[in-house]
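Heads up: the structure comes next, in structure tokens.
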Amino acid sequence: MSDDLRDTFFLECFELLEVLESGLLDLSNGDAEDPDDTIAAIFRAVHSVKGGAGAFALDGLVRLAHKFETVLDAIRERRLQLSPDVMKVCHSSSDALSDRVKAEQSGEPVDEARETELIAALSALLGAEEEEDEDASLGGFTPLAIDLPGGDGEQDAGPIALQIDDPEPEPEAAGFKIEWAPNAAFFSRGGEVTRIIRALATLGDVETSCNGEDVPPLDAVTPDAPILRWVIEVATDVADEEIREIFEFAMDDGEVRIGPIETAAAAPQDADAEGQGSPGVEPAPSAGTAPIESPPQTAAATPPAAREMPMEREVAKESQQKKSPPSTPKQTIRVDLDRVEQLINLVGELVINQAMLAQRLDGVDMPHDQAIIDGLDEFRLLTRDIQESVMAIRAQPVKPLFQRMARIVREAAQATGKEVRLSTSGEWTEVDKTIVERLSDPLTHMIRNAVDHGLENGEERIAAGKPSEGVVTLAAAHRSGRIVIEVGDDGGGINRKKVLGVAIQKGIVPADANLSDAEIDSLLFAPGFSTATEVSDLSGRGVGMDVVKKAIQALGGRTSISSRPGFGTTFSISLPLTLAVLDGIVVNIAEQTAVLPLSNIVETLRSETLEVKSVGSDSKVVLVRGVSVPVIDIGVELGFREPLTTLEDKVFVIVENHEGDTHAMVVDQIIDQRQVVIKGLEANYGETKGVSAATILGDGRIALILDVDVLVEDSRNLNTPLAMAMTG
């Protein structure tokens, strides 16, 4: 098959795996509103992966999915209880299925030994239950012989018989009669009638006939208008749900009716009220098996045979309405991410050009025309609406990322021998897709750190009056125009005495350092710092939290720690909602233009309205409504100028960092408030302390976007032992 079809298959696989992982987590945490529906959704996801894998001859993936599917079917039919041990095997199967899909996509080798052990574990869950024949359940069947009439222009009114011969026929059993008229859409999607028949053959003896009375002469056949109608009888004792699952992807591409053989045989074969009946294809629906209808089609798009085939539309419609209320699913399309990125870049350029146009017209020495001014305002608002709409396309919930972290928790718990449960909240919080993708590695480090270092072992927890099972929490929320993600644990908290001792031993801080609790906690982010006494799969190599901090800073974010001895530790990550645009105020500092993010700004004040006081030799505070606020001269911090002797005629921008502390930043002038397009500096210039990015202003000048939190931290800790140690 083509590479495009293969890519689409893997894309759909990953979507199905997300459904699988989400359902298993809901069952494990007791969050499933309807466990039966959740189990059914999980079963369908695995069944769909198996079916697609069979089409691409991915036998290893089919075998693993089939065994997993068999266990899920036993759970669904209540032949197997959903115990913690069963859930553990199901989670492992989900992980292995995900690994197998990734390996098949990339062509990397597969851990066959692991899969063999897992398949044995799945088989063990079934116990003495009789298993299906492996070859038959994987799609093997006797080839079909088809004799199509009309080859020489003659038309045969009789049916076309397709008989599956069984060398040792089983005794006649009850079964189902399926009446099926696939339309053109079924075949355009790559559907094949023989694949459906093969799948039915795995359930029992199959006898298939094709009504060919409407087959025209060969020279009149049009390939895009199917005209064959199929009647399939399956002798089996399985539930009708298994028959319907086989037709799951054909329901919307034609007309399908499923009923017991006895009911179908006894049904009258009269034409319907409109006189559009077809001989031999009109049994009345049974009380227990309602017909399944596809959405109505236009006469032009529906083949003649499908239009004439009576399917008791009103009965089916009433039956479906009784089962579930009608709902309109959201229509979605798949778009290449590169195209979205290109569109976002173009919208960014549009924002810049709009600002340039407005600024150039302001500089023209001519009477202002109100119509032009109104038009520019409308253009500005329209540009902003377009930009926000385009950015919403790239926004996605963090739920898939949180689901991946559940596997990290399970693997870390297994490696450390601890009982650990992951608790999540705020999974539907949306953020830029680029940020979500780049958060995976930092969160992985933090989750492993929480399990390995944060949580005590079972004996220690019980001795401390805690449950033996530790809890790792993962939460997301929007705050002040940013997204905040917290990773916490209910362990013993940070052993600050031990952390300080290790830092002194490794030479990170001097032996006589007198650090506060917050400064000791910050040592966890120092390069090469680790409290592990031996190297393991999870820790001990001195690489971890410093990498996390750098990765977060590269995203324009910041990290903080809060810890209570005996109660646990929480790491907070604060990130911008997008890496494309931000709202800010444009300021002038020592004849340099810069942008301060609006999300950090509390208010702006003129210096002549405030009282400034000196503290120590080179620090100042400003009194704002009786509260002393530390002053930060940005021009000095960035090296634009020497310290000022007076702050007269300056503007104070009162800012707030992620910890809630307020500071007063000194600027020469506030130029404007506007939305700016973010242009990264790391790729072309490198990391600059205190500067998060740059932007292009309306007059073509480049302005630096300042990182308020870094500037505040550097100013606050400039003379502390930790700051001097970290800067060498």
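FYI, side chains are in, hydrogens and waters are out, and symmetry mates aren't considered; it's all heavy atoms of this structure.
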Crowding at CG, Leu381 (>12 non-hydrogen neighbours, <6.0 Å): yes
By side-chain contact (heavy atoms from CB on, under 4.5 Å) - contacts of Ser440 (at least two apart): Leu401, Arg404, Met405, Thr444
From Phe379 atom CZ to Ile386 atom CD1, the distance as rounded to the nearest 0.5 Å: 8.0 Å
side-chain contact (heavy atoms from CB on, under 4.5 Å) evaluation trace for Ile485 with Leu474: CA-CA 7 Å; Ile485 297 177; Leu474 192 55; 4.2 Å; yes
N/O donor-acceptor pair under 3.5 Å between His478 side chain and Glu430 backbone: yes
From CZ (Phe571) to CD (Glu486), nearest 0.5 Å: 12.0 Å
Qualifying residue for side-chain contact (heavy atoms from CB on, under 4.5 Å) with Leu443, from Ile573, Val548, Ile408: Ile573
Smallest separation among heavy atoms of Ala476 and Thr429, with atom names: O-OG1, 3.3 Å
Crowding at CD, Glu437 (>12 non-hydrogen neighbours, <6.0 Å): yes
Asp489 CG to Met446 CE distance, which is reported to the nearest 0.5 Å: 10.5 Å
Minimum heavy-atom distance between Phe640 and Ala590, given as atom pair plus value: CB-CB, 3.8 Å
Heavy-atom check, side chain of Met665 versus side chain of Val712, under 4.5 Å: yes
Results of side chain to side chain donor-acceptor pair (under 3.5 Å) for Asn588 - residues two or more places apart only: none
Leu704 side chain near Val595 side chain, heavy-atom distance below 4.5 Å: no
Contacts of Phe567 that satisfy side-chain contact (heavy atoms from CB on, under 4.5 Å) - sequence neighbours left out: Arg564
Pairing residues for Lys418 by the side chain to side chain donor-acceptor pair (under 3.5 Å) criterion, not counting sequence neighbours: none
Pairs where residues 641-651 contributes a residue and the test salt bridge (Lys or Arg N to Asp or Glu O under 4.0 Å) is met, not counting sequence neighbours: Asp633-Arg641, Arg641-Asp668, Lys650-Asp668
All side-chain contact (heavy atoms from CB on, under 4.5 Å) counterparts of Arg461, not counting sequence neighbours: Leu455, Glu456, Lys466, Pro467, Asp490
Minimum side-chain heavy-atom gap Asn29-Leu422 below 4.5 Å: no
Over all atoms of both residues, closest heavy-atom pair of Ala406 and Leu25: CB-CD2, 3.5 Å
Nearest non-hydrogen partners of Pro630 and Thr662, listed with the distance: CD-O, 3.7 Å
Heavy-atom pair with the smallest gap, counting every atom of Val471 and Ser423: CG1-CB, 4.1 Å
Polar side chain donor-acceptor pair, Ser522 to Glu519, under 3.5 angstrom: no
Results of salt bridge (charged side-chain N to carboxylate O under 4.0 Å, His left out) for Glu460 - residues two or more places apart only: none
Test salt bridge (charged side-chain N to carboxylate O under 4.0 Å, His left out) applied to Glu18 - qualifying residues, sequence neighbours left out: none
Euclidean distance, Asn353 CG relative to Leu346 CG, rounded to 0.5 Å: 10.5 Å
Non-hydrogen side-chain atoms of Asp432 and Ile435 separated by less than 4.5 Å: yes
Side-chain heavy atoms of Val487 within contact of Ile447, under 4.5 Å: yes
side-chain contact (heavy atoms from CB on, under 4.5 Å) evaluation trace for Glu611 with Val622: CA-CA 6 Å; Glu611 182 180 359; Val622 60; over 6 Å; no
Check: Asn600 side chain, Glu656 main-chain N or O, donor-acceptor pair, under 3.5 Å: yes
Heavy-atom side-chain proximity of Glu603 to Phe652 below 4.5 angstrom: no
Val472 versus Val420, closest heavy-atom pair with distance: CG2-CG1, 3.8 Å
Those residues that, when tested against Glu15, pass side chain to side chain donor-acceptor pair (under 3.5 Å) (two or more places apart): Arg334
Beyond-backbone contact of Asp374 with Leu376, side-chain heavy atoms, under 4.5 angstrom: no
Residue pair Thr416 / Val451, side-chain heavy-atom distance below 4.5 Å: yes
Spacing of Leu610 atom CG and Leu623 atom CG [to the nearest 0.5 Å]: 8.5 Å
side-chain contact (heavy atoms from CB on, under 4.5 Å) between Val499 and Ile494, intermediate numbers included: CA-CA 8 Å; Val499 169; Ile494 297 176; 3.8 Å; yes
Criterion side-chain contact (heavy atoms from CB on, under 4.5 Å) on Leu596 and Ile705, from CA distance to verdict: CA-CA 6 Å; Leu596 287 170; Ile705 300 175; over 6 Å; no
Partners meeting side chain to side chain donor-acceptor pair (under 3.5 Å) with Arg339 (sequence neighbours left out): none
Residues in salt bridge (charged side-chain N to carboxylate O under 4.0 Å, His left out) contact with Arg410, at least two apart in sequence or another chain: Glu21, Asp95
Contacts of Asp583 that satisfy salt bridge (charged side-chain N to carboxylate O under 4.0 Å, His left out) - sequence neighbours left out: Arg384
Point-to-point distance, once rounded to the nearest 0.5 Å, from CG of Asn449 to CG of Leu524: 7.5 Å
